[in-house]
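To start, the structure itself, in structure tokens.
As the structure is a prediction and not an experimental result, all values here were calculated from the model. Values below: all heavy atoms of this structure, side chains included; hydrogens, waters and symmetry mates excluded.
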Amino acid sequence: MSAKLSKSKYDEFFKRRSNCAECVVCHKVIKFSTSAGTNSLKYHLAKFHSNELKKLNDEESASKRRKLDELESERLQSTIPFEPVSRTVCKASSSSVSLDNQLTKWTETGVKTKEIEEEIIKMIAVDVMPLRTVEKEGFIRLMKTVAPRFKLKSRKYYSETMLPQLETRLKKRIKNEMKGVHHFAVTSDGWSSKDGKHSLLAITAHWIDQTFTPKYVILGASAIKGRHTAENFITLFNRSLENYELKRESVTAIVRDGHRAMEAFTSRMAIAGIHCYSHNLQLVLRDFIETIDNMKTTIEKLKKYVRKVSKSSVSRDILIEIQNEESMPNRMLQKETEVRWSSMYLMLKSFVTNRKAITIIQLDHPELALPEISLDEWDKITELLEILKTAADTTKSIQSRFYAPLSVVIPSLRVMIHKMQRSLNGDTSETRSIHVQKFITLLEERTESYHSNTILRTATFCDPRFKDSYFTNSHKDHILRILRSDSQNIVSDDFADQSIPEIVEKPTSLFNQFLMDNCPIEEAPKKHDSLQEELDEYLRTPPISTSDPYDYWRLKTDLPELKKLAHKYLSIPSTSSESERLFSLSGLVCTPKRSSLKPETLDQLTFCSANLKIFGDI
């Protein structure tokens, strides 16, 4: 059976075969091979049919322009329509190796031996390889070839000596990086492996350095012994702080999910707990699907369809064949994963994209016994996809490490609801209108606490992209109250009480009250209030949605007190994505083939792998 020819933009002008191609315009046969590419076809068009080639190139250019316009349109319609804030995390400068070190003998403790051993353990950690890699035949043969004088030690040596040493060096580097950091935020979450043998508590730290550059590190991927309880979380968290000589009072907030143990953990630590924005959006999607008749049944049918296609090579081959015949993109159906954000939307999108191919399979290949999707179900899937798109786009946008600090939460909610309300017009069906309104109601119910949370409001106020423009009532007075508080303790009551404390007036005697009511008192001349002036200066210009908040405050020298506030609050992330990424890494380390992996080893491998990717090298 001959190999199938790949598609080409010149196909409309040529009938291609394995070793030649016939021009459909002049019927000339041209030598052609898949290995040589399409240059011969392009040359023929340029020489004999220049008008057709020009038309083809013009259409291709127009298509590219349309795609760029669509991307720009999507960016403008995004609920977080801001330029990405590109950031570089801590990177160690590459160390040069002296000539003396290069000439050191390959003894057991020699410089070159130690250097290679360190690189081997780094490779194992970064590439998530098993420790027994050093005992595999292929690796041993490789090392004999590239470094014949190097004596490779056992897996036990790398597990019990090299890995702990690497962990110690990384912890020392983190300690140095965070030395002098007065305020930092934390994300934290608990994880269990599929087999239930391993559990970890992720702890990541986020702060802004003196150059107003956002930074983050992994403080711990600590093995949990016993149940996921608040007491266990507190013990592991305090241990992590002690390891790096960090003070609990320096923790601005902990971003976590809504699990009861996590809520109890932050409450007992007397640290503000922020419910992860992405997690909250996924809860809204789950609640919304529950409100649509038979939608859960339809989704289960789609999941079953994906499972059957993924397990059957025959079904996959037929799907790809139909996609090629119908000039459709070769995209497989995606499965929905409960723990992966937006996977529901991506699954529905993959079905709508492949609807034509799925319909052909349903009609022409009943022998595959795949679940049948009715027209009514297709209508529901399409409608649900349109409604979920805004939330899915927002979820995708807020996964960025530095692009989406806590300050984006309130504005994106306001813009998301505004966008969905604007989508309703005279042509909107009654059913869709009901569903959109229901989604908005659920979203408002789930996120109501965000709008009154002083930490979120303060972070939003300090972001020059938003300032005071996205609140139903101004946050200016509260900011002024913060600025007037003790400079050593910028916010004294934000964590214990999310409301603005009331000012209790002392009782006044009847005599004083009589004098106040009947004797005019001259107003004291207003004192010069530099804080009020600083606040007014900040609000004098409107917010700029494309502004880089870090560059803005880095260059701002005339707003010193507000800059301190921004330094503290803009370091808080809007989601616990960094902890989730850590769990994805742990899942790659903890595979069924590594059933004997010790909890401490999993902890060390996850910690080292994640931090080596942050620092680049140590």
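Legend: residues meeting salt bridge (charged side-chain N to carboxylate O under 4.0 Å, His left out) with Lys301, ordered by chain and number and at least two apart, are Glu377.
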Practice task
Apply side chain to side chain contact (heavy atoms under 4.5 Å, CB included) to the pair Val409 and Thr460, showing each step before the final yes or no.
Solution key: CA-CA 8 Å; Val409 174; Thr460 306; over 6 Å; no
Exercise for the section: Starting from the C-alpha separation in whole Å, work towards a yes-or-no answer on side chain to side chain contact (heavy atoms under 4.5 Å, CB included) for Asn324 and Ile320. Expected result: CA-CA 6 Å; Asn324 290 330; Ile320 294 171; 3.7 Å; yes
Handout entry: Derivation and outcome, side chain to side chain contact (heavy atoms under 4.5 Å, CB included), residues Ile289 and Met344
Key = CA-CA 10 Å; Ile289 288 170; Met344 171 71 70; 3.9 Å; yes
Practice task
Determine, stepwise, if the pair Tyr10 / Phe14 fulfils ring pair (Phe, Tyr, Trp, His ring centres under 6.0 Å).
Solution key: CA-CA 7 Å; Tyr10 304 113; Phe14 297 94; 7.1 Å; no
Handout entry: Test side chain to side chain contact (heavy atoms under 4.5 Å, CB included) applied to Thr601 and Leu131, step by step
Key = CA-CA 10 Å; Thr601 306; Leu131 286 160; 3.8 Å; yes
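Salt bridge present: Arg581 and Glu578 bring a charged side-chain N and a carboxylate O closer than 4.0 Å. Between Lys225 and Glu600, at least one side-chain nitrogen of the basic residue sits less than 4.0 Å from a carboxylate oxygen of the acidic one, meeting the salt-bridge criterion. Using a 4.0 Å cut-off between charged nitrogen and carboxylate oxygen, Glu300 and Lys303 count as a salt-bridge pair.
Not a single donor-acceptor pair under 3.5 Å links the side chain of Ser312 to the backbone N or O of Lys308. Listed for the Ser423 side chain is a donor-acceptor partner under 3.5 Å among the backbone atoms of Met420. Counting only distance, with no hydrogens or angles, the side chain of Thr133 and the backbone of Pro130 share a donor-acceptor pair below 3.5 Å. At distances below 3.5 Å, not a single donor-acceptor pair connects side-chain atoms of Thr390 with backbone N or O atoms of Met416. Side-chain atoms of Ser188 come within 3.5 Å of backbone atoms of Ala202 as a donor-acceptor pair (strictly under, hydrogens ignored). At least one donor-acceptor pair under 3.5 Å links the side chain of Arg414 to the backbone N or O of Tyr470. Ser267 places no side-chain N or O within donor-acceptor distance of the main-chain N or O of Glu263, the cut-off being under 3.5 Å.
Counting only residues at least two apart or on different chains, the side-chain hydrogen bond (donor to acceptor under 3.5 Å, both in side chains) pairs with a member in residues 351-363 are Gln323-Asn354, Glu326-Lys356.
Distance check, rounded to the nearest 0.5 Å: CG of Leu319 to CG of Leu368 gives 10.0 Å. Atoms OG and CG, on Ser310 and Leu333 in that order, are 9.0 Å from each other to the nearest 0.5 Å. Put simply, NE2 on His435 and OG on Ser429 are 8.5 Å apart, with the number rounded to the nearest 0.5 Å. Considering CG of Asn453 and CD1 of Ile274, their distance stands at 4.5 Å, rounded to 0.5 Å. Once rounded to the nearest 0.5 Å, the distance linking CD1 of Ile322 with CG of Asn330 reads 12.0 Å.
Only one option out of Leu597, Ile224, Asp603 pairs with His198 in a side-chain contact (heavy atoms from CB on, under 4.5 Å); it is Leu597.
Counted by atom type alone, Asp463 and Ser407 present one or more donor-acceptor pairs between their side chains at under 3.5 Å. A donor-acceptor contact closer than 3.5 angstrom is absent between the side chains of Tyr345 and Thr395. At a cut-off of 3.5 Å, with distance as the only test, no side-chain donor of His279 or Ser576 sits close to an acceptor on the other residue.
A cation-pi arrangement is absent between Arg256 and Phe265 under the rule of less than 6.0 angstrom and at most 45 degrees off the ring axis.
Relative orientation of the Tyr277 and Tyr450 rings is perpendicular, given thresholds of 30° and 60° on the angle between their planes.
Residue Arg331 places its CZ atom among 12 or fewer non-hydrogen atoms of other residues, nucleotides or ligands, all under 6.0 Å distant. Open room surrounds CD on Glu137; 12 or fewer heavy atoms of other groups in view lie less than 6.0 Å from it. The environment of CD in Glu367 is crowded: more than 12 heavy-atom neighbours from other residues, nucleotides or ligands sit within 6.0 Å.
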Pair up each side-chain donor or acceptor in residues 61-68 with any protein partner under 3.5 Å, not counting sequence neighbours, and list the distances.
residue	atom	partner	partner atom	Å
Ser61	OG	Asn57	O	3.0

